[in-house]
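The next block holds one structure in the form of structure tokens; read it before the comments.
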Amino acid sequence: MEIVERVVEEVNDLDVNEQRRILSEIEPKLLVKERRKKEISLPPLPHAEYGKVVTRFPPEPNGYLHIGHAKAAFIDYEYAQMYDGKFILRFDDTNPENEKIEYYDVQKEDLRWLGIEWDIEYCTSSNLPKHYELAEKLILQGDAYVCLCDQSTIRKNRFEGKICRCRERDKDENLSLWKEMHKDIEEGGAVLRLKGDMKSKNTAMRDPTLFRIIDAEHPIQGHKYRVWPTYDFAGAIEDSLSGVTHPFRTKEYELRDEVYFYILDKLNLRKPHLMEFSRLSIEGMPVSKRKIKPLIDEGKVSGYDDFRLPTLRGLKRRGITPEAIRLFVLSQGISKSESTVTFDQLEAVNRKIIDKRARRFFFVPNPVKIYVENAPALKKKLKFHPTEDMGYRVVETSSVFFVPREDIKSMREGDIFRLKDLYNVRISEIKKDEIKATYEGEELLKDVEKIQWVTEKSFEFVVLVGGPLFIGDKYNPDSLKRVRGLVEESLKTARNGEIVQFERFGFVRIEKEGDSMVGIFTHK
RNA sequence: GCUCCCGUGGUGUAGUCCGGCCAAUCAUUCCGGCCUUUCGAGCCGGCGACCCGGGUUCAAAUCCCGGCGGGAGCACCA
């Protein structure tokens, strides 16, 4: 044991490159392996044949996509890639009351931002004639019937497992009623139901509704149709007909599997390999419209792109990259066990990605003035990135600087610290609003704090810092904080949307509008 | 209430179908160290888990039974 410890210590004392070099001499295989393991991968798909896998992502165009959608979309997309198959984007727009024309495009934009591409795109609403045809087939086979009961009766009967009279009607009557549904029967007056099993333990099988009447104008179809398929019917039919081999859905649909296969069975249609995975939830970040909508209405968040929200637009504004979302979401896998992930897991992934790309700047929150006696006037080149080649800016220094009050707090007269990348100073006098210091040379000293600074050529800057919107179930009124400070002039070169790092402060995404500029805190 | 699903370290996950190679994977957090002109990144190391109880078996995270805990569904919404 002691020997092991001693050896470990010895190895640790070596330079990393040295370690690597020696390892490559002893056992080069180890170095290769290390790299391969980094690639994340989904478990193999059952019943999958290379080149023949077809997946689909079926959003309803009724809102903005969020991280939960991203999980589904990435799983679908990734599997199609993995097996060199096809990936379909299908808009499940079968409820004209909910769909809005703008969301078709908005959702596509969001998917493209994620880096997802699809082979085929279509809307379920464009296939209604086919749906009607299959519905008639079911009616003629005696597997579906028109129910004239009102909604609450249906509900009650279903709960109690009771059959209603409508179920006994014969085919021809059903067929003519079905035709009537398209014409004169008023909304809510009739539905087409599957003849399932009213005594089934699975309540989803108790004659689920297949079609209902909705007169609202459809964003694409207008008033062309008024009989609309429900999710149970449309989902199953579309998956089968469009050739999807491996459809995924979230766990809450699990009870509906039986209905899904039953419908396809009665219609003699191919049955895909349906799979479910758990929903993704992030602590303190509501994903449902039910929770977000009121926040927007009450002005507690700015909109669906508020950076405290896990919508894709919100995450984008915050500075979370699509690559990070992909890695994060895939790391969750297709497990069925429910979990609430903390945001820092996403942060960790994101940090590694943006660290390599973010230009570094000095931002001084809550600044305090510092006057350095006999300070040399310098024109200092400061690199934008410690290791990557991103160029540099030149800063002219005199004897006036600003540093974070927070850092000075713990210091006393006589203490020495380094203006990072510049030179050392020694505090000679601490006054309320100003600190006097003396120049102490450029030599890099061990164990001396390195603090970021700005000169008088800096400007005021605000960083918006977002916290959790909910703590437990309770709304958190302090989810938005503003940090004011001074930032070096060269930040003006930042592009709108650029993610930078304010050294020792954190990553910040820059938003520019005209002459004004704010920062949105990404994470540490 | 009924039905279904889930239960692996602080967190998230792999493994569970087809029991042994699992004294259990990877990531993250935390702790220690190395490196570094950032409290960032990188590198090395460490702590830490199979919900409980029975059973089957030479052998169980994995199969069976019974508890307990969590989630979901019981819509003319998807």
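First the proteins, then the strands, lettered A, B, ... as listed; each starts at 1.
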Opposite nucleotide pairing with [N], Watson-Crick or G-U, both atom distances under 3.5 Å:
N     : value
B:G20 : B:C58
B:A49 : none
B:G73 : B:C2
B:C68 : B:G7
B:U38 : none
B:U13 : none
B:A78 : none

Ignoring hydrogens and angles, state whether a donor on the side chain of A:Tyr145 or A:Asp207 is under 3.5 Å from an acceptor on the partner side chain.
yes

When you measure from every atom of RNA chain B, which of residues 354-366 of chain A have a heavy atom less than 4.0 Å away?
A:Asp355, A:Arg360

Residue pairs fulfilling side-chain hydrogen bond (donor to acceptor under 3.5 Å, both in side chains) with at least one residue in [range], sequence neighbours excluded:
range                       : result
residues 441-455 of chain A : A:Gln452-A:Arg504
residues 336-347 of chain A : A:Lys251-A:Glu338, A:Glu254-A:Lys336, A:Ser335-A:Ser337, A:Thr342-A:Asp344
residues 416-425 of chain A : A:Arg418-A:Asn424, A:Lys420-A:Glu503

Tell me whether the OP1 or OP2 atom of [N] has a side-chain N or O from [X] closer than 4.0 Å.
X        : N     : value
A:Thr203 : B:C74 : no
A:Arg212 : B:A78 : yes
A:Arg158 : B:C76 : yes
A:Arg155 : B:A75 : yes
A:Arg206 : B:U3  : no

Under the side chain to side chain contact (heavy atoms under 4.5 Å, CB included) test, which residues partner A:Asp92, sequence neighbours left out?
A:Pro58, A:Arg90, A:Thr124

Taking only residues two or more places apart in sequence, or in another chain, which ones meet A:Tyr262 in a side chain to side chain contact (heavy atoms under 4.5 Å, CB included)?
A:Leu194, A:Met205, A:Lys266

For [X] and [N], give me the distance from atom [atom1] to atom [atom2], rounded to whole Å.
X        : N     : atom1 : atom2 : answer
A:Ile213 : B:A75 : CD1   : P     : 20 Å
A:Gln452 : B:C39 : CD    : C1'   : 10 Å
A:Glu252 : B:A75 : CD    : P     : 15 Å
A:Leu280 : B:G71 : CG    : C1'   : 15 Å
A:Lys293 : B:C77 : NZ    : P     : 19 Å
A:Lys446 : B:C34 : NZ    : P     : 9 Å

Per-nt protein contacts along nucleotides 16-22 of chain B (heavy atom under 4.0 Å; B base, S backbone sugar-phosphate only, - none) come out as -------

When you check every protein heavy atom under 4.0 Å of nucleotides 4-14 of chain B, what one-letter string (B, S, -) results, 5' to 3'?
SBBS---BSSS

Residue list, side chain to side chain donor-acceptor pair (under 3.5 Å) with [X], at least two apart or on another chain:
X        : value
A:Arg212 : none
A:Arg158 : none
A:Asp215 : A:Arg226
A:Gln221 : A:Ser125

Any base atoms under 4.0 Å from [X], or only sugar-phosphate, or nothing? Heavy atoms, all strands.
X        : value
A:Thr387 : nothing
A:Arg279 : nothing
A:Asp407 : base
A:Asp421 : base

Please verify the inter-ring angle class for A:His66 with A:His69; under 30° counts as parallel, over 60° as perpendicular, anything in between as tilted.
tilted

On the 0 to 90° scale, with breaks at 30° and 60°, tag the A:Tyr132-A:Phe211 ring pair as parallel, tilted or perpendicular.
tilted

Nearest-nucleotide pick for [X], side chain only, options being [options]:
X        : options             : result
A:Arg256 : B:C39, B:G73, B:A41 : B:G73
A:Asp92  : B:U29, B:U38, B:A78 : B:A78
A:Lys420 : B:G73, B:C39, B:U37 : B:U37
A:Phe159 : B:G1, B:A75, B:A78  : B:G1

Rounding to the closest angstrom, what is the interatomic distance between [N] and [M] at atom [atom1]?
N     : M     : atom1 : value
B:A49 : B:A27 : C1'   : 15 Å
B:G15 : B:A61 : C1'   : 8 Å
B:U16 : B:C64 : C1'   : 14 Å
B:C65 : B:C76 : P     : 34 Å
B:C51 : B:C30 : P     : 26 Å
B:G12 : B:U8  : P     : 8 Å
B:G45 : B:C6  : P     : 36 Å
B:C31 : B:C47 : C1'   : 8 Å

On RNA chain B, check which nucleotide each of A:Leu422 and A:Asn98 is closest to and give me the residue with the more 5' one.
A:Leu422

Nearest heavy atom decides the nucleotide; on that basis, is A:Gln501 or A:Pro59 closer to the 5' end of RNA chain B?
A:Gln501

Centre-to-centre under 6.0 Å for A:Phe91 and A:Tyr122, is that the case here?
no

Centroid-to-centroid, A:Phe505 to A:Phe521, below 6.0 Å?
yes

For the base of B:C77, is there a side-chain donor-acceptor partner from A:Asp232 under 3.5 Å away?
no

With a 3.5 Å cut-off and heavy atoms only, can you find an N or O donor on one side and an acceptor on the other between the side chain of A:Tyr253 and the base of B:A72?
no

Cation-pi between A:Arg359 and A:Phe384: NZ/CZ under 6.0 Å from ring centre and within 45° of the ring axis?
yes

Using the six-membered ring of A:Tyr392, assess whether NZ or CZ of A:Lys383 lies under 6.0 Å from its centre and within 45 degrees of the ring axis.
no

